[in-house]
Amino acid sequence: GYNAGVGISAGPLADSVYHSVQLKLEKRMTQHFTTLFSFMGGKLIDDGNNLLSFIGQHAGNLQDWRNLNLERSLDPQDVSHWISWQASYDLPIGAGRALNLQGRSNFWLGGWTVNSVLSFGSGVPILVSGATNDPYFPQRPDITCDAAKGAPHTTAQWFLPNCYAM
């Protein structure tokens, strides 16, 4: 049949680069308790629009499709920092444990583990674009000052919008 059932939604036009540092610490505290801490710090940079636009997307269309270096920026999916802590406790129920079970009771009640995971991420970048929302002539604002300095850092206003100019 037509294309043998294979289709391409977009050509390979963009380029991306990712650098990161990762740290993992694991410790068995007792015979039944284990903990794990991990940290990731990284940066995702690209020069094109993202097919997963529900996560985040660049502002407007390409400024010049012949010069993708104009589009090089922090990727909308970048999460620069991620910290995770996990703890596991093997319950003392089952064969060879404090509450020694055999047979079917061991099959159903023995060998259970309780886990807990706590994760924190820095979040994705905020998209700042022009007021026209014209897809054919994308406008990208210039930053004129430090938008974080002096900002109230509330859910209503995290940065100073007057630091951006068209």
Side-chain angles (χ1 to χ4, degrees), residues 5-60 68-69 71-129 140-141 143 145-164:
V6 176
I8 299 175
S9 62
L13 299 175
D15 185 32
S16 64
V17 61
Y18 178 72
H19 297 284
S20 74
V21 60
Q22 299 168 17
L23 172 71
K24 178 178 108 169
L25 301 171
E26 186 173 8
K27 175 72 175 164
R28 182 177 269 306
M29 307 298 271
T30 67
Q31 185 178 0
H32 302 286
F33 182 73
T34 304
T35 186
L36 171 71
F37 172 82
S38 64
F39 169 79
M40 185 280 306
K43 193 67 69 176
L44 177 59
I45 298 172
D46 74 357
D47 61 6
N49 265 336
N50 188 326
L51 293 178
L52 300 174
S53 60
F54 62 89
I55 296 174
Q57 59 187 347
H58 291 285
L68 291 180
N69 287 332
E71 305 300 319
R72 188 171 173 88
S73 66
L74 196 61
D75 188 90
Q77 297 181 34
D78 178 66
V79 177
S80 296
H81 303 95
W82 193 265
I83 294 174
S84 182
W85 177 72
Q86 181 266 343
S88 296
Y89 179 72
D90 296 330
L91 295 177
I93 301 170
R97 297 188 179 182
L99 183 55
N100 195 6
L101 300 176
Q102 303 296 325
R104 288 193 186 275
S105 59
N106 183 54
F107 177 79
W108 291 106
L109 301 173
W112 286 93
T113 301
V114 176
N115 294 305
S116 177
V117 178
L118 186 63
S119 296
F120 297 99
S122 59
V124 295
I126 297 173
L127 173 66
V128 179
S129 63
R140 313 247 170 96
I143 191 162
C145 62
D146 185 355
K149 188 174 185 181
H153 297 296
T154 65
T155 56
Q157 183 180 0
W158 192 258
F159 59 89
L160 300 174
N162 57 348
C163 287
Y164 298 93

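Position 1 is the first residue of the sequence, and the numbers go up from there.
- Side-chain atoms of I143 and Y164, non-hydrogen and from C-beta on, do get closer than 4.5 Å to each other.
- To the nearest 0.5 angstrom, L109 atom CG is 7.0 Å from I93 atom CD1.
- With a 6.0 Å radius and a threshold of 12 heavy atoms from other residues, nucleotides or ligands, Q31 has its CD atom at or below the threshold.
- Between R97 atom CZ and L91 atom CG the span is 7.5 Å, to the nearest 0.5 Å.
- Atoms CG and CD1, from D78 and I45 in turn, are 8.0 Å apart once rounded to the nearest 0.5 Å.
- With values rounded to the nearest 0.5 angstrom, M29 atom CE is found 12.5 Å from S88 atom OG.
- No side-chain donor-acceptor contact under 3.5 Å links S20 to the backbone of G42.
- Side-chain N or O atoms of D75 include none that pairs as donor or acceptor with a backbone N or O of D46 at under 3.5 Å.
- The two residues L160 and K149 come nearest to each other via the heavy atoms CD1-O, 3.2 Å.
- Between L101 and F107, the closest side-chain pair of non-hydrogen atoms is not below 4.5 Å.
- When only modelled atom types and interatomic distance are considered, N115 and T113 share no side-chain donor-acceptor pair under 3.5 Å.
- The CZ atom of R28 sits 10.5 Å away from atom CZ of F33, with the distance rounded to the nearest 0.5 Å.
- Atom-to-atom distance recorded for C145:SG and N162:CG is 6.0 Å, nearest 0.5 angstrom.
- Side-chain atoms of V114 and W112, non-hydrogen and from C-beta on, never get closer than 4.5 Å to each other.
- L36 has its side chain out of reach of L25: every pair of non-hydrogen atoms, C-beta onward, lies at least 4.5 Å apart.
- Ring planes of H153 and W158: perpendicular class, angle over 60° (limits at 30 and 60°).
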Trace of the side chain to side chain donor-acceptor pair (under 3.5 Å) decision for S84 with Q86 | CA-CA 7 Å; S84 182; Q86 181 266 343; over 6 Å; no
